[in-house]
Amino acid sequence: MANSGRGFTRGNMERENEHQGNNPPAVFDAGDRPGHAGEFQECTPQGDLLDESTRIQLDYDDEPLPPTSEKNNKWRMMN
C-alpha cells in the first residue's frame, strides 16, 4: 500500500505552544523560552495553578522563565 501522505509533518509536530514532552498544553518548565511575552503563573507538575502571588510577566519573546518556588513546579501560560 502506498503512503497516502496523511500524517504528521515535522512542522505540525513542532508547533509552538503545543503539548511539550510530559507537560500539559501551555505548561512550561523553568528556563524554557515559551516564544512570546505575557503572563505566566506557577503551577504544580500536573498544571494546577498555585496562588496568584506567583504570577509573573515576561516582557520579551525570547526571555526564559525564571526558577519556580518548588523544585518540580512549572509555569502555566495565562494569556
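Count residues from 1 along the sequence. Heavy-atom basis, side chains included; hydrogens, waters and symmetry copies ignored.
Here CZ of Arg76 is found 12.0 Å from OG1 of Thr54. Values are rounded to the nearest 0.5 Å. To the nearest 0.5 angstrom, Glu39 atom CD is 9.5 Å from Ile56 atom CD1. In this structure, Phe40 CZ and Leu65 CG are separated by 5.5 Å, a value rounded to the nearest 0.5 Å. Atoms OG1 and CG, on Thr44 and Asn72 in that order, are 10.5 Å from each other to the nearest 0.5 Å. Atom CD of Gln46 and atom CG of Asn73 lie 9.0 Å apart (nearest 0.5 Å). Note that the CG atom of Asn23 and the CZ atom of Phe28 stand 8.5 Å from one another [nearest 0.5 Å].
Taking Glu70 as the reference, nothing meets the salt bridge (Lys or Arg N to Asp or Glu O under 4.0 Å) condition, with sequence neighbours excluded. For Arg33, the salt bridge (Lys or Arg N to Asp or Glu O under 4.0 Å) test picks out no residue, with sequence neighbours left out.
You'll find the side chain of Pro64 stays beyond 4.5 Å of the side chain of Asp32, heavy atoms only.
Note on residues 59-68: no pairs pass salt bridge (Lys or Arg N to Asp or Glu O under 4.0 Å), not counting sequence neighbours. Sorted by first and then second residue, the salt bridge (Lys or Arg N to Asp or Glu O under 4.0 Å) pairs involving residues 41-54 (not counting sequence neighbours) form an empty list.
Looking only at distances, a side-chain donor or acceptor of Trp75 sits under 3.5 Å from a matching main-chain atom of Pro66.
Residues Pro45 and Pro24 share a closest heavy-atom pair of O-CD, 4.1 Å.
If you chain together ILVMFWY residues whose side-chain heavy atoms come under 4.5 Å of each other, Leu49 ends up grouped with Met78.
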